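Below: the structure, in structure tokens.
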2 protein chains.
Amino acid sequence: MSSPASIGVVHAFPAPNRSLHGTLLDSLRTLINQGELAPGSRVPERALCQKFAVSRTPLREALKVLAAEDLVQLLPNRGARVASLDDAKLGHLFEVIGMLESEGGRLAAARIGAAALAEIKGMHYQMHAHFLRQELPEYFALNQAIHEAILSAAGNPVLMTMYFGLSGRIKRARYMANKMRPDRWQQAMDEHEAILTALCDREGERLAGLLVRHLANKRDIILEAVRVQAVSDRTSIP
Amino acid sequence: MSSPASIGVVHAFPAPNRSLHGTLLDSLRTLINQGELAPGSRVPERALCQKFAVSRTPLREALKVLAAEDLVQLLPNRGARVASLDDAKLGHLFEVIGMLESEGGRLAAARIGAAALAEIKGMHYQMHAHFLRQELPEYFALNQAIHEAILSAAGNPVLMTMYFGLSGRIKRARYMANKMRPDRWQQAMDEHEAILTALCDREGERLAGLLVRHLANKRDIILEAVRVQAVSDRTSIP
DNA sequence: CTTCCGAAGATTGCATTCAATACATCAAGA
DNA sequence: TCTTGATGTATTGAATGCAATCTTCGGAAG
């Protein structure tokens, strides 16, 4: 029930109550996810300190955490670089996310209560409406919220933490897939239909399979978008 | 082990090449895992700085990382506390580890090569020898090595990272289960036998099931040990 | 023209310092 | 005796300082 409910809104806001390094973590993640800090590029410590009006201490604390999450890479005496996200690593990330989603879904099917199920149904129909109106951002937001709600129904906070951590790492790539071919979109919508049905029927095994396939399709879409982006980068930069 | 918390400058690791905060991460993890920093207790910043002969800066960097891993908890303006590991959280951790082990095992069965398989077989028989001689520490070490080798055969570094992160978090509890009832031990050995067979036969589905059940048994053993420890703590401290 | 060297400048890792907050102690009053 | 409040100390979070290392850029040799 503790659904964080912050639906897809990606914006780092100056937090009043939190520690600086916590705030910086959000801000840096956003910078990385939105590509303002390019993969492979150096993290400009001094510039970021000025940008956020903090000293190097909290910034460096945040960088250490990001390094532990593998969002940046620390090179001894040479500072931090934004970790690159190649096809292979994306594939590995999706593979593990698939494990968590499918097995989490299996648990959710067994454990979900009526209230949570109703909430997911509501989000599903709302998402369907956005699909019909071809409103992609709103569709994406609800899509993600539904997946998180299903996982949340598994009742395992550790699972949630892992899932959020991993999806955070592919956000950058997701961000590139800001278009969707109509046939792909229709297929995704159909898959969600089947997912919802399986969940309502509490058929864990079927749900797990559907979730894996759904994610594999999403992976293909994203990998494709990443490749396109990479090509256009290569042709436009030099 | 050694005299607890005595005030001696200790370079916990012969770490010539690494950064201080990286070294401290290892040292602090060890302190937490071995219970020298009790769950729920405050992390004595100043004392640790003296113990490791470093300033607060790298120590605090390490604490931020440990907090991101949920090994410690940061309270605003009140420093860090060692995170407690109750039954519920242990259960959640085991549940997720089970997902990774079983699905990783499924992949491993499909992807493992002859060399890796041979190596695992070798470790298995070595472990069996330690079992026959009732050498628990050596048995444990090989046990863990085998599980890691199986996961490694899945060929997914992200999976490995997640797995190490999660097993790191239950190490503390594992540390308490330093005894094993003979029947339990025999059963674990039998399970390993079956696991090896399934892996050799490349039967992913069966392997996945075996791994889950094996882990569930391990969880029960550890939960039991934790409860015993908790009781003895409660009776001896006040 | 390319390659190698070296000094100047920038950047990094860590130590130290400083303001703000929490904690402990103890005294006064109910 | 117990609660409450004030005051001094310890601890925290963050900024600044400093030595060590890396990067850059110019010039000389091949």
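Letters A, B, ... are given to chains in the order of the sequence lines, protein chains preceding strands, and every chain is numbered from 1. Small disclaimer: the values here were computed from a predicted structure and weren't measured.
Remark: Ala116(B) engages Ile112(B) in a side-chain contact (heavy atoms from CB on, under 4.5 Å) (not counting sequence neighbours). Taking Val54(B) as the reference, Leu20(B), Leu24(B), Phe52(B), Pro58(B) meet the side-chain contact (heavy atoms from CB on, under 4.5 Å) condition, with sequence neighbours excluded. Scored by the side-chain contact (heavy atoms from CB on, under 4.5 Å) test, Thr161(B) finds no partners at all (sequence neighbours excluded). Judged as a ring pair (Phe, Tyr, Trp, His ring centres under 6.0 Å), and not counting sequence neighbours, the contacts of His147(A) are His192(A), His214(A). Under the salt bridge (Lys or Arg N to Asp or Glu O under 4.0 Å) criterion, Glu101(A) pairs with no residue at all, not counting sequence neighbours. Under the rule for a ring pair (Phe, Tyr, Trp, His ring centres under 6.0 Å), the partners of Tyr139(B) that lie at least two apart in sequence or sit in another chain are Trp185(B). Legend: residues meeting salt bridge (Lys or Arg N to Asp or Glu O under 4.0 Å) with Arg169(B), ordered by chain and number and at least two apart, are Asp70(B). The salt bridge (Lys or Arg N to Asp or Glu O under 4.0 Å) test applied to Glu45(B) returns Arg56(B), Arg60(B), not counting sequence neighbours. In this structure, the side-chain hydrogen bond (donor to acceptor under 3.5 Å, both in side chains) partners of Glu69(A), at least two apart in sequence or on a different chain, are Arg29(A).
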Note, DNA chain C 5' to 3' with Watson-Crick or G-U pairs under 3.5 Å encoded as ( ), [ ], | and . gives ||||||||||||||||||||||||||||||
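Think of the region where chain A sits on DNA chain D: with heavy atoms and a 4.0 Å cut, that region ends 5' and 3' at dA14(D) to dT23(D).
Within the structure, a side-chain polar atom (N or O) of Ser55(B) is placed less than 4.0 Å from OP1 or OP2 of dA15(C).
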Candidate pair Gln144(B) and Lys171(B), rule side chain to side chain contact (heavy atoms under 4.5 Å, CB included), full reasoning: CA-CA 11 Å; Gln144(B) 201 166 333; Lys171(B) 271 221 177 81; 4.0 Å; yes
Scoring nucleotides 5-13 of chain C by protein non-hydrogen atoms under 4.0 Å (B base, S sugar-phosphate only, - none) yields ------SBB
